[in-house]
There are 2 protein chains.
Amino acid sequence: MKGEDVLMAGGQGPSGVAMADDGSRVGVCLRELLEGHRLSPSQRRIARHLLERPHEAVFLSSVDIAEAVGTSQPSVTRFAFALGFNGFPEFRDHLRAALRDGEGGGPAVKATGLNPVQAMVDSELRNLERLRDTLGDPGPLAEVAAELAASRPLPVIGLRVSAPLARFFGYLAAKAHPDVRVIDTAGSTLEDRLSRARAAGATCVLAFGLPRYPRELRDGLAWARRAGLRVALVTDQPVNALAEHADVVLTAPVSSQFAFDSQAAPSVLCAALVHSMVYALPAHEQASIEEFENSATERRLFLPD
Amino acid sequence: MKGEDVLMAGGQGPSGVAMADDGSRVGVCLRELLEGHRLSPSQRRIARHLLERPHEAVFLSSVDIAEAVGTSQPSVTRFAFALGFNGFPEFRDHLRAALRDGEGGGPAVKATGLNPVQAMVDSELRNLERLRDTLGDPGPLAEVAAELAASRPLPVIGLRVSAPLARFFGYLAAKAHPDVRVIDTAGSTLEDRLSRARAAGATCVLAFGLPRYPRELRDGLAWARRAGLRVALVTDQPVNALAEHADVVLTAPVSSQFAFDSQAAPSVLCAALVHSMVYALPAHEQASIEEFENSATERRLFLPD
DNA sequence: GTAATCCTGCATGAAATTATACATTCACCA
DNA sequence: TGGTGAATGTATAATTTCATGCAGGATTAC
């Protein structure tokens with residue numbers, strides 16, 4: 001193995017502290033394997049070495065171990081055989097499997113007594129879970145929100161299937177931002193309106209690009225960038241044909257196993273974005289939200305809940 | 001790699017704990033690497049594949065990845081070079097190092113609960129679960145779908161915050177229904193357009209009415225009924241100020257504990273509705289979906305995934 | 001429409017990893 | 001002392017993994 005240097009730190013010392021992290025999971029796996037096997041002296045040294053570095057163990061090659069222990073590579077192979085495996089790779093895969101069980105193993109798979117439509121919803125549920133997990137680090141979202149909040153005006157692009165998303169975002173954001181301009185047509189119209197927004201002081205643009213990715217959106221993003229606008233993109237994958245034309249990418253997974261995809265996760269991301277934008281706004285504009293609500297109530301625009 | 005079968009599970013099931021497990025650590029490492037790198041289509045597929053299985057990624061060989069992605073092994077090597085590494089092993093060691101750094105941190109980081117934005121997503125998750133459960137009985141959905149599919153034309157109403165939803169439904173439904181007419185303006189316009197639709201043969205209308213319920217929507221629904229149209233309503237509660245003006249009600253719960261609500265569940269319900277509508281359509285119109293897809297591909301409207 | 005560029009897979013060679021054959025050493029015992 | 005057998009290392013073969021040259025094909029630019 002060439003890059004063994006990257007694996008030499010970490011670990012958790014012989015007196016293994018924190019039970020139940022993944023390393024010790026490999027450790028218990030090893031202990032189980034060693035149970036009731038008669039090992040030769042050098043094989044014991046190998047075992048001891050692995051037990052002391054359960055994290056690295058899963059990555060080490062037979063020569064790595066041999067060198068570290070100060071023995072020969074065939075001895076490592078024979079060590080694997082002595083433990084009942086059919087070769088060193090088989091032994092190592094056993095360790096890797098133990099590590100993986102630890103990582104994924106939390107919740108059990110549920111019985112799938114779901115009808116097709118329910119399966120569809122379930123699929124979107126998982127997408128939302130993924131979104132929630134990626135938001136564990138609030139940095140990127142807050143960063144984008146701040147940029148968007150600071151841009152006056154704020155152009156928002158959504159073409160084709162993403163047009164409703166852009167409008168939805170526009171509707172929410174308008175409560176917190178004085179000048180949101182939704183663009184849902186492509187071609188020269190798009191460039192015209194971007195151009196005007198740029199001239200009016202816009203510093204960045206928000207784009208929604210869900211599958212299937214319109215070619216025209218890519219062109220629009222490229223154009224916006226050349227025009228000096230920072231491009232924030234909401235899409236379903238961190239890397240795709242659109243992402244390379246964006247400065248910041250927020251991902252909201254969508255299902256593609258069904259004929260018609262919903263936009264559950266992107267919709268939630270919209271709400272989260274606007275939510276974050278509010279905190280990036282000056283106080284007097286936060287107040288204007290309340291204002292609108294009140295005036296709307298006065299005009300009896302809405303029915304009682 | 002011989003024992004790839006041992007690595008096929010993983011991920012983090014339905015009730016997934018939180019961020020900051022080792023897999024997502026590899027994930028963020030990958031994201032950082034991908035940032036600002038121009039990738040070819042097949043390289044993007046590779047990146048996606050790895051992002052979807054961060055746990056396994058650290059163990060995969062270049063041929064493993066190539067086979068899984070359906071590309072050639074040299075493409076994987078080139079992928080590593082494109083990311084600035086000096087070879088595939090170097091790239092893989094980088095990922096492994098990220099994983100190791102995470103393990104040192106131990107279970108401490110895991111204990112952290114959800115941040116506010118995550119709580120928001122979590123709230124929508126529960127809404128989706130409720131939606132899934134209510135769809136356990138496919139009857140109402142199929143019934144509404146059949147009615148909608150049979151109405152020519154099919155008027156779809158969504159005002160204010162629900163306008164994007166109506167447009168989204170319209171976009172999807174247009175693939176399966178020859179004459180969908182989205183109405184997102186209120187007042188006399190609404191009645192005009194409903195009237196024309198009725199004259200053209202419409203038998204029912206679909207309305208989206210999420211909080212806060214526009215007074216004008218209630219008026220519109222009442223008007224539609226008097227005009228002899230059957231009213232199907234998508235809203236958030238089985239009974240509210242709008243439901244009494246509808247013949248059939250489909251409920252899609254939304255959160256109201258946050259300043260800005262997303263439309264996750266209604267969005268999914270849209271997709272489910274259209275999905276069900278397809279099965280209520282004659283075969284030749286189902287075929288027209290494919291047709292559109294093909295013609296769109298021919299016109300190279302979309303970018304490759 | 002044509003040329004230039006980029007992308008991609010195939011074939012192949014180089015490097016690394018693992019398994020096996022064989023020789024040597026050492027402990028133990030007659 | 002010489003024999004026996006397990007243990008271990010050396011050398012090497014077999015397998016796997018990785019890198020690169022080259023040609024065909026697609027896309028873009030002019």
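Below, read A as the first sequence line, B as the second, and so on, with proteins coming before strands; counting in each chain starts at 1.
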How long is the line joining CD of A/Gln73 and P of C/dA19, in whole Å?
8 Å
Under 4.0 Å from OP1 or OP2 of C/dT18: is there any side-chain N or O of A/Ser62 that close?
yes
Within this structure, what is the CG-to-C1' distance between A/Asp93 and C/dT18, rounded to whole angstrom?
13 Å
For D/dC18, does OP1 or OP2 lie under 4.0 Å from any side-chain N or O of B/Thr77?
no
What is the nucleic acid contact for A/Pro74, judged by heavy atoms within less than 4.0 Å: base, sugar-phosphate only, or nothing?
base
Check the phosphate of D/dT8 against A/Thr71, side-chain N and O only, distance under 4.0 Å to OP1 or OP2. Yes or no?
no
Side-chain N or O of B/Arg92 closer than 4.0 Å to phosphate OP1/OP2 of D/dC18
yes
Rounded to the nearest angstrom, tell me the gap between atom CZ in A/Arg78 and atom C1' in C/dT18.
12 Å
If only side-chain N and O atoms of A/Arg215 are considered, is one of them under 4.0 Å from the OP1 or OP2 phosphate oxygen of D/dT28?
yes
Ignoring hydrogens and angles, are the base of D/dA7 and the side chain of A/Gln43 linked by a donor-acceptor pair under 3.5 Å?
no
Is a side-chain donor or acceptor of A/Asp192 paired with a backbone partner of A/Thr189 at a separation under 3.5 angstrom?
no
Should A/Glu244 and A/Arg218 count as an ion pair when the cut-off is N to O under 4.0 Å?
no
Short side-chain to backbone donor-acceptor contact, B/Ser61 and B/Asp64, under 3.5 Å
yes
With a 3.5 Å distance limit and no angle check, can you tell me whether B/Gln43 reaches the backbone of B/Ser40 through a side-chain donor-acceptor pair?
yes
Could you state the atom-to-atom distance from CD of A/Glu90 to C1' of C/dA19 in whole Å?
14 Å
Provide, to the nearest angstrom, the distance between the CG atom belonging to B/Leu39 and the P atom belonging to C/dC6.
15 Å
Quick check on C/dT8: is either OP1 or OP2 less than 4.0 Å from any side-chain nitrogen or oxygen of B/Ser72?
no
Separation of B/Ile65 atom CD1 from D/dA19 atom P, in whole Å?
12 Å
Nearest-nucleotide comparison on DNA chain D, the residue closer to the 5′ end among A/Arg218 and B/Gly87
B/Gly87
A/Phe79 CZ - D/dT8 C1' separation (whole Å):
16 Å
Presence of salt bridge, A/Asp184 and A/Arg160, under 4.0 angstrom:
no
Listed nucleotide nearest any side-chain atom of B/Ser61, set D/dT8, D/dT17, C/dT18:
D/dT17
Separation of atom CG in A/Asn86 from atom C1' in C/dT20, rounded to whole Å
14 Å
Can you tell me if the side-chain N/O atoms of A/Ser42 get under 4.0 Å from OP1 or OP2 in D/dT8?
yes
Pairing residues for B/Arg31 by the salt bridge (Lys or Arg N to Asp or Glu O under 4.0 Å) criterion, not counting sequence neighbours:
none
Counting only side-chain nitrogens and oxygens, does A/Ser40 get under 4.0 Å of the OP1 or OP2 atom of D/dT8?
yes
From the candidates D/dT17, D/dT10, C/dT8, the one with an atom nearest any side-chain atom of B/Val63 is D/dT17
